[in-house]
Colleague: 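My structure is below; once you've seen it, I'll send some questions.
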Protein chains: 2
Amino acid sequence: MEFDDKLPIYYQIKQYFYHEIIVGRLALGAKLPSVRQIAVALTVNVNTVQRALAEMETEKVITSQRGKGNFVTEDVQRVLKLKEQLIQVQLKQLYEELKALNIGDDGMVTYLKQYIEMRREND
Amino acid sequence: MEFDDKLPIYYQIKQYFYHEIIVGRLALGAKLPSVRQIAVALTVNVNTVQRALAEMETEKVITSQRGKGNFVTEDVQRVLKLKEQLIQVQLKQLYEELKALNIGDDGMVTYLKQYIEMRREND
DNA sequence: TATACTGTAATAGTTAACTAATACAGTAGT
DNA sequence: ACTACTGTATTAGTTAACTATTACAGTATA
């Protein structure tokens, strides 16, 4: 896994698992790999993984059970809400950034369409 | 100015001035406030400002002149290119994030339009 | 009950970003 | 020349994120 050195690793790990959960590669109630397995797989320290999972539990997306493992919540609403949150954050960021560059509402849509088209070609 | 504690301050300062330049509030060839003035205005240390400006000079968006000040480049192309870069970065981020959430090309555009509409209402 | 998994906690050390303070160097107006 | 601006450099100290290591605590299974 590649990390952006401008953002905390624990934060990026959290985001990564959130994606996995939302997309369904980690189903509701599914068991996550052990903290030690994750640490090895991502070549980071156990403590860093722990910090990411701790935040995920605070946000009630996973539940930790000592001796057993970490499990994705069974609450579908929680996951759906999480998905909407992530999307909103991204849209907000794009919107404010482009607005700060004096790009109007129509311009944003046009830019996005152009970008999508450009990606389609380069595949 | 408000800083995102997840990103380095010097980086956010750089981004801030890039916006000011692109939008034209800092014209081509214009003189920036002195590093000490900026530091006071943003309530950060002079060294942090210095680091931001140093990167801006490396990227040839400004030129520093000892004893005189920092000046925006006269090169229009440089600024236009910078603007495109910033836009691309944002579009890429949105695209990859939404793609990671299993949202297709059409979905992205729809989401953005919805978001823009939502912002229009809350103003 | 021993063994091997789990999560969790604590300690110590490293690094990057940032602050604070001081000093130095170039420019300009008096 | 003096003064007051500029940018630049250096040193020292703080903090957050991260690593490394060790230990502890709960669970499951042979």
Colleague: Using side-chain contact (heavy atoms from CB on, under 4.5 Å), reason through A:I103 and B:I87 one step at a time and then give a plain yes or no.
Modeller: CA-CA 10 Å; A:I103 296 172; B:I87 294 173; 3.4 Å; yes
Colleague: Is it true that A:E96 and A:K92 have a side-chain N and a carboxylate O under 4.0 angstrom from each other?
Modeller: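 Answer for the salt bridge query: yes.
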Colleague: Side chain of A:V35 only, please: which of C:dT8, D:dT6, D:dT19 is the nearest?
Modeller: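 The answer is C:dT8.
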Colleague: Roughly how many Å is it from NZ in B:K6 to P in D:dA16, rounded to a whole number?
Modeller: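 B:K6 atom NZ is separated from D:dA16 atom P by 13 Å.
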Colleague: Could you tell me how far apart A:Y11 (OH) and D:dA16 (P) are, to the nearest whole angstrom?
Modeller: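 After rounding, the reported distance stands at 18 Å.
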Colleague: I need a per-nucleotide contact map over nucleotides 20-30 of chain D, read 5' to 3'. Cutoff is protein heavy atoms under 4.0 Å; write B for the base, S for backbone only, - otherwise.
Modeller: BB-B-BBSS--
Colleague: Has A:T48 got a side-chain N or O lying under 4.0 Å from the OP1 or OP2 atom of D:dT19?
Modeller: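 Answer is yes, contact under 4.0 Å.
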Colleague: Please check: side-chain N/O of A:Q93 versus main-chain N/O of B:Q90, any donor-acceptor pairing under 3.5 Å?
Modeller: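 Not at all, since once roles are kept as given, no pair shorter than 3.5 Å links the two residues.
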Colleague: Which of the following nucleotides, D:dT6, C:dT6, D:dA17, is nearest to the side chain of B:Q37?
Modeller: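 From the listed options, D:dT6 comes nearest.
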Colleague: Rounded to the nearest angstrom, tell me the gap between atom CZ in A:F3 and atom P in C:dA16.
Modeller: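 Rounded to whole Å, this separation is 17 Å.
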Colleague: When you measure from the side chain of A:S64, which nucleotide among C:dA17, C:dG7, D:dT8 comes out closest?
Modeller: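 Given the options C:dA17, C:dG7, D:dT8, the side chain of A:S64 is closest to C:dG7.
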Colleague: Can you check whether A:Y10 has a side-chain N or O nearer than 4.0 Å to OP1 or OP2 of D:dC18?
Modeller: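 Negative; the distance criterion is not met.
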Colleague: C:dA20 P sits how many Å from B:I9 CD1, rounded?
Modeller: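 After rounding, the reported distance stands at 11 Å.
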Colleague: Grab the CD-P distance between A:Q50 and D:dC18 for me, whole Å please.
Modeller: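 Atom-to-atom, A:Q50 to D:dC18, this comes out as 14 Å.
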Colleague: Counting only side-chain N and O atoms of B:N70, is one of them less than 4.0 Å from OP1 or OP2 of D:dG7?
Modeller: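 Checking B:N70 against D:dG7: at least one side-chain N or O falls below 4.0 Å of OP1 or OP2.
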Colleague: Between A:D105 and B:K113, does at least one N-O distance fall below 4.0 Å, as a salt bridge requires?
Modeller: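 Salt bridge: no.
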Colleague: Using a cut-off of strictly less than 4.0 Å, decide whether B:S34 has a side-chain nitrogen or oxygen near OP1 or OP2 of D:dC5.
Modeller: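 The answer is no; no side-chain N or O of B:S34 sits under 4.0 Å from OP1 or OP2.
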Colleague: Is any NZ, NE, NH1 or NH2 atom of the basic residue among A:R78 and A:E59 found under 4.0 Å from an Asp or Glu carboxylate oxygen of the other?
Modeller: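 Looking at A:R78 and A:E59, the cut-off is not met.
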Colleague: Tell me which pairs pass side-chain hydrogen bond (donor to acceptor under 3.5 Å, both in side chains) where either residue lies in residues 36-47 of chain B, with sequence neighbours left out.
Modeller: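 Qualifying pairs, neighbours excluded: B:N45-B:N47.
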